[in-house]
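What follows is a single structure, written as structure tokens, with notes after it.
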Amino acid sequence: QVQLVESGGGSVQAGGSLRLSCAASASVYRSGGYMAWFRQAAGKEREGVAAIGRIRGGTYYGDSVKGRVTISQDSTVNTAYLQMNDLKPEDTAMYYCAASSGAVGPPHLDPRNYDYWGQGTQVTVSS
């Protein structure tokens, strides 16, 4: 059974930084596919933040976060990360980790391409 467990969320002031972690079941990193971060603010649709290929490490970013976030992973510990800098109040949302069961074609930040989801971690940015 695939499990994804997010951590690292919290409350920060605008301009601050947070690093989110997503611990995945070992089976996730035994196969190709993508890890991704999505977010959903109250009353809004789920939005793709970043994605990374589990084998080759290719990355994709949402337009609203480009230049401020970095997705990375450590396959030795089955964990994906999201480093977020220069946080803004509009970044406030529940952040979800997701994993695909196989190859993902464009758009890499379409939530329909992902099969497994974590429970989410809340990020709140105050002005």
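No hydrogens, no waters, no symmetry mates; every other heavy atom, side chains included, goes into these values. Model, not experiment: these values are computed from the prediction.
Side-chain contact of N85 with S17: a donor-acceptor pair under 3.5 Å is present, judged by distance alone.
Listed here is the closest heavy atom pair of L109 and G62: CD1-N, 3.4 Å. Taking both residues in full, the closest heavy atoms of A23 and T79 are given as CA-OG1, 4.0 Å, listed atom of the first, atom of the second, then distance.
Residues meeting the salt bridge (Lys or Arg N to Asp or Glu O under 4.0 Å) test with D86, sequence neighbours left out: K88. The side-chain hydrogen bond (donor to acceptor under 3.5 Å, both in side chains) search around R46 returns Q40, not counting sequence neighbours. A search for side-chain hydrogen bond (donor to acceptor under 3.5 Å, both in side chains) contacts involving S101 returns D115, not counting sequence neighbours. Evaluation of the side-chain hydrogen bond (donor to acceptor under 3.5 Å, both in side chains) rule for Q119 yields no partner, not counting sequence neighbours. Partners of Q3 according to the side-chain hydrogen bond (donor to acceptor under 3.5 Å, both in side chains) rule, which considers only residues two or more places apart in sequence or in another chain, do not exist here.
With a 4.5 Å cut-off between side-chain heavy atoms of Ile, Leu, Val, Met, Phe, Trp and Tyr, the cluster of Y81 takes in V77. Under a 4.5 Å side-chain heavy-atom criterion applied to ILVMFWY residues, the cluster that includes V5 comprises that residue alone.
In the hydrophobic cluster analysis, where Ile, Leu, Val, Met, Phe, Trp and Tyr join through side-chain heavy atoms closer than 4.5 angstrom, V123 is grouped together with M35. L18 and V125 end up in the same hydrophobic cluster when Ile, Leu, Val, Met, Phe, Trp and Tyr side chains are linked at under 4.5 Å. Under a hydrophobic-cluster definition in which Ile, Leu, Val, Met, Phe, Trp and Tyr are linked whenever side-chain heavy atoms come within less than 4.5 Å, directly or via other members, L20 and L87 are assigned to the same cluster. Clustering ILVMFWY residues whenever any of their side-chain heavy atoms sit less than 4.5 angstrom apart, transitively, puts Y61 in a cluster other than the one holding V104.
Applying the disulfide (SG to SG under 2.5 Å) test to residues at least two apart or on different chains, none of the pairs has a partner in residues 61-92. Pairs passing the side-chain hydrogen bond (donor to acceptor under 3.5 Å, both in side chains) check and including a residue from residues 66-77, sequence neighbours excluded, read Y29-Q73, D63-K66, R68-D91, D74-T76. Residue pairs meeting the salt bridge (Lys or Arg N to Asp or Glu O under 4.0 Å) criterion with at least one member in residues 47-56, sequence neighbours excluded, are R39-E47. Pairs engaging residues 26-38 under the salt bridge (Lys or Arg N to Asp or Glu O under 4.0 Å) rule: none recorded [sequence neighbours left out]. Every pair passing ring pair (Phe, Tyr, Trp, His ring centres under 6.0 Å) that includes a residue from residues 99-127 is listed here, sequence neighbours excluded: Y34-H108, F38-Y114, F38-W117, Y60-H108.
Residues E6 and Y96 meet the side-chain proximity criterion, which asks for heavy atoms closer than 4.5 Å. Taking the side chain as every heavy atom from C-beta outward, S27 and V2 approach each other to under 4.5 Å. In this structure, V49 and L82 have side chains that are in contact, with non-hydrogen atoms separated by less than 4.5 Å.
Looking only at distances, no side-chain donor or acceptor of S100 sits under 3.5 Å from a matching main-chain atom of G33.
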Going through the checks in order, is the side-chain contact (heavy atoms from CB on, under 4.5 Å) test met by M84 and V65? CA-CA 9 Å; M84 302 189 293; V65 299; over 6 Å; no
